[in-house]
Amino acid sequence: MSAPAAPSTPPAPAPAPAAPPVETMTVKVNGKTVQVPKTMPDWQGKPAPTTMLQAARIAGVDIPHYCYHDKLPVAGNCRMCLVEFGTPMIGPDRKPVLNEDGTPKIARSVLPYEPGTARGAIACATPISPGMEIYADSKATQQMRESVLESLLINHPLDCTICDQAGECKLQEYSVQHGKAGSQFVEAKVHKPKAVDLGPRIVLDDERCILCTRCIRFTRDIAGDDALGIVNRGSYNTIGAFEPGRFDNNYTLNTVDLCPVGALTSKDFRFKMRVWFLKETKSLCTSCGTGCNITIGSREGVIHRYEPRDNDAVNGPWMCDSGRLNYRWIGRADRLKEVLRTSSGGPRERITWNAALETAADILRRAPQGGVAFVVSARQTNEELFLLKKLATHTGALTDSVPREGDPDRLLVSADRNPNSNGVRLTGMAFTEFGFNLLKIADGIALGRIRTLVVFGEDLTREGLGPELLAKLDALIVSDILPNATTAAATLLLPGAAHAEKRGTFVNVKGRLQRFQKAVEPPGDARPESEFLQELVQAVTGEEPARSIEGLFNRMAAGVPAFAGVEWARIGDAGVTVQL
Amino acid sequence: MSTKVVDRAPLTFYERTYLPAILGGLKVTAKHFADTVFKGKAVTMQYPEERWVVPEGYRGAPYLVKDQDGATKCVSCQLCEFVCPPKAIRITPPGSEGRPADRANAEKMPREFEINMLRCIFCGMCQEVCPEEAIFLQKDYSITGENRESMIFNKEKLLSLGGTHAGIQKWKHKLEEARAQESFPVETP
Ligand code: SF4
Ligand code: SF4
Ligand code: SF4
Ligand code: SF4
Ligand code: FES
């Protein structure tokens with residue numbers, strides 16, 4: 001199996017050569033004539049005959065569906081997308097039969113043995129033909145939907161009050177939109193296993209499953225781990241894992257998003273918060289250089305979950321489990337919340353931001369050229385790096401960053417575990433190879449040439465710059481989010497904000513410039529770095545701060561060649577590709 | 001929506017002297033005065049020693065109820081928290097580590113459930129929306145406390161004040177149905 005969701009090649013920034021004319025076909029959806037392409041990309045992006053469901057979408061009509069998913073092979077098993085349709089009549093002479101007014105006569109689809117009854121076709125798997133008419137809201141179509149829903153609900157437990165899916169459940173939504181309230185089924189419901197431990201991150205409720213097989217297709221065709229299947233027969237059909245409890249690849253939680261009902265739910269999110277309370281914020285995953293687009297679900301300053309957000313240029317609709325679950329540190333109780341200063345020999349004291357920035361500006365203004373060094377983190381935003389670069393240039397400082405490597409996988413996870421390595425390179429804070437200058441910086445400190453070290457978001461004691469070496473410095477200005485040995489040694493500690501607490505941009509491994517928004521407030525005195533860095537830059541160089549992140553970004557775009565011509569507003573939710 | 005503007009009739013000179021309103025009010029007072037003094041029909045009560053009989057269907061303070069087996073009926077669906085107009089309700093869901101429900105099969109119940117009685121307007125929306133018949137407006141109308149904290153009733157207090165409500169016990173019946181099923185033995189709690 002190939003990996004269809006692997007990020008497609010980003011479009012070149014230069015105007016693409018004129019695309020070959022698309023062959024189109026005319027169809028009617030609910031009486032509205034539309035031109036649709038003859039072929040459209042299938043789940044792997046290969047051209048395939050356009051289906052009725054796709055044609056209806058182009059006409060702005062959403063046909064309800066469960067088993068169909070843009071990025072999964074078509075299964076056609078749920079029948080939710082049944083629609084009545086008609087095709088132009090062909091006479092015995094193989095010519096179209098015309099109405100009196102000259103328009104082609106349409107033959108409605110009917111049952112061959114019962115011509116009075118409409119016959120539906122599944123819109124997700126039926127290709128369109130020229131002149132076809134799709135009746136997505138005719139009486140017959142509505143009846144088909146009602147019957148399908150009634151049959152799906154025959155054995156459904158209606159657990160909505162305790163079901164984590166409630167509020168974003170397609171069974172609830174379609175039942176309200178297309179179903180009828182009653183059921184003709186009077187027998188006892190079939191009961192199936194509940195709260196089954198499918199894998200380390202997934203719980204399965206077999207009673208709620210509507211057997212759409214989305215989960216099976218995902219794990220087989222996308223994740224490449226053929227772990228799930230259907231066992232037992234008829235109304236006893238149940239989803240099962242090949243080895244019980246061992247549905248454990250790094251993409252299992254995508255099946256929770258895919259499952260249209262509450263059959264597959266996340267153990268991490270289980271019973272944590274009802275989804276209608278969650279505020280949704282467009283953000284990015286920071287766990288590796290791929291930069292998967294995510295939606296942060298938070299309520300009253302607490303982050304409850306990450307979910308992937310569609311972006312075909314980066315992650316498609318998926319994300320890995322390790323990235324998705326990597327959010328709890330943001331709410332950790334030991335977050336750095338206070339601005340602290342250690343006066344020579346004295347104890348650490350809590351000071352105001354103004355005092356801290358004055359102290360820092362004073363140190364940087366007095367430092368001789370080359371007497372300062374900067375170690376920045378590739379987890380920082382472009383804006384922050386741009387501001388740090390200004391300070392570094394002003395002080396003639398050596399700069400570097402810290403690499404973070406891991407094993408890549410075939411779908412999304414990148415070997416580079418920093419979200420913004422390319423931002424560090426493009427802003428000029430480090431070379432292609434990170435860690436190149438660290439030795440020189442260590443030497444400089446040992447020789448007493450470098451007397452001030454500015455560290456953002458990295459623990460240098462793990463990179464060979466031990467506490468004894470750091471103790472040689474006159475000033476160690478550190479900004480971080482969580483405590484570590486370097487923050488413990490800092491003479492000036494500036495608490496920073498996690499990405500979910502600020503706005504900014506990253507450049508992923510493929511050169512996609514993407515922006516993220518703020519979901520929650522930083523704790524205590526912690527502030528977004530770009531805010532206090534602007535004030536620091538003003539204090540050191542006299543440059544007026546920009547009033548907003550938009551202004552700051554646009555200023556950076558003018559100063560960094562790779563970002564030339566890009567504006568904050570133009571990045572949009574899907575990002576833009578920049579030249580690396 | 002179409003609206004109809006109704007002209008306000010101009011006041012007569014007599015009405016503008018306020019006399020009719022004042023006399024009308026005095027008439028009511030005089031009637032009650034006469035009733036009390038001459039007919040012995042008191043319309044006031046010696047509250048709080050004397051209390052009125054709360055009529056059926058009165059909407060007093062909302063409390064949580066237990067079922068006939070003594071189990072917490074609330075499953076922490078948070079619909080009441082969502083619907084409550086003055087945001088008087090605050091529920092802490094159990095999360096994956098929380099204690100499962102008192103009853104087999106119901107899977108969840110709130111870890112904490114608080115109603116701020118200073119905020120509650122006794123509107124009854126929570127009772128109306130509750131799919132589990134777990135919260136009811138009862139007859140308490142006079143709730144006092146010495147500080148704001150004591151006016152926030154927690155789950156324990158709400159349950160002890162609420163008493164028992166004998167309902168249909170759907171979770172119990174689902175479980176019985178599952179146990180009775182022959183051909184597809186499922187593991188039941
Ligand atoms: S799957 Fe949907 S309809 Fe079924 S119990 Fe859950 S929320 Fe309700
Ligand atoms: S568990 Fe969900 S995704 Fe899988 S077949 Fe059942 S309903 Fe479909
Ligand atoms: S009675 Fe009304 S105000 Fe009081 S808790 Fe219920 S919904 Fe809220
Ligand atoms: S009282 Fe009722 S509505 Fe409120 S959370 Fe409990 S079950 Fe839901
Ligand atoms: S979407 Fe399931 S059959 Fe078409």
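Order of the sequence lines sets the chain letters (A, B, ...), proteins ahead of strands, with each chain counted from 1.
In this structure, B:Glu146 places its CD atom where only 12 or fewer heavy-atom neighbours from other residues, nucleotides or ligands lie under 6.0 Å away. By the 6.0 Å contact criterion, CD on B:Glu56 is open, its count of non-hydrogen atoms from other residues, nucleotides or ligands being 12 or less. Residue B:Gln68 places its CD atom among more than 12 non-hydrogen atoms of other residues, nucleotides or ligands, all under 6.0 Å distant. By the 6.0 Å contact criterion, CD on A:Glu187 is enclosed, its count of non-hydrogen atoms from other residues, nucleotides or ligands being greater than 12. The local environment of CD in B:Glu176 is crowded, with over 12 non-hydrogen atoms from other residues, nucleotides or ligands closer than 6.0 Å. More than 12 heavy atoms of other residues, nucleotides or ligands lie within 6.0 Å of OH in B:Tyr47, so this atom counts as buried by the packing criterion. Within 6.0 Å of atom CZ in B:Phe33, 12 or fewer heavy atoms from other residues, nucleotides or ligands are found, so the atom counts as exposed in its surroundings. Remark: A:Phe242 CZ is loosely packed, at most 12 non-hydrogen atoms of other residues, nucleotides or ligands lying under 6.0 Å away.
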(request) Go through the steps for B:Ser96 and A:Lys272 under the test side chain to side chain contact (heavy atoms under 4.5 Å, CB included), then give the verdict. (result) CA-CA 7 Å; B:Ser96 47; A:Lys272 231 162 86 176; over 6 Å; no

(request) Test salt bridge (Lys or Arg N to Asp or Glu O under 4.0 Å) on A:Glu300 and B:Lys87 and set out the steps. (result) CA-CA 14 Å; A:Glu300 292 170 8; B:Lys87 300 205 188 301; over 6 Å; no

(request) Start with the C-alpha gap between A:Phe271 and B:Val75, add the side-chain angles, then the distance that decides, and say whether side chain to side chain contact (heavy atoms under 4.5 Å, CB included) holds. (result) CA-CA 10 Å; A:Phe271 301 158; B:Val75 296; over 6 Å; no

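Put simply, of B:Lys170, B:Glu97, B:Gln78, the one with the most heavy-atom pairs under 4.5 Å next to chain A is B:Gln78.
Once rounded to the nearest 0.5 Å, the distance linking NZ of B:Lys108 with CD1 of A:Ile162 reads 8.0 Å. To the nearest 0.5 Å, the span separating CD1 on B:Ile91 from CE on A:Met273 amounts to 9.0 Å.
Among residues 201-214 of chain A, the residues having any heavy atom closer than 4.5 Å to a heavy atom of chain B are, in sequence order, A:Asp205, A:Arg208. Among the residues in residues 149-159 of chain A, those with a non-hydrogen atom closer than 4.5 angstrom to a non-hydrogen atom of chain B are A:Pro157, A:Leu158, A:Asp159.
Residue A:Phe269: no heavy atom, backbone or side chain, is found under 4.5 Å from chain B. Heavy-atom distances place the backbone of B:Ala106, and not its side chain, under 4.5 Å from chain A. Residue contact with chain A, scored on non-hydrogen atoms closer than 4.5 Å, involves the side chain of B:Glu132 exclusively.
Exactly one of B:Glu177, B:Gln181, B:Lys174 qualifies for a side chain to side chain donor-acceptor pair (under 3.5 Å) with A:His191. That residue is B:Glu177.
Counting all heavy atoms, side chain and backbone alike, A:Arg274 lies closest to B:Ser76 at CD-O, 4.3 Å.
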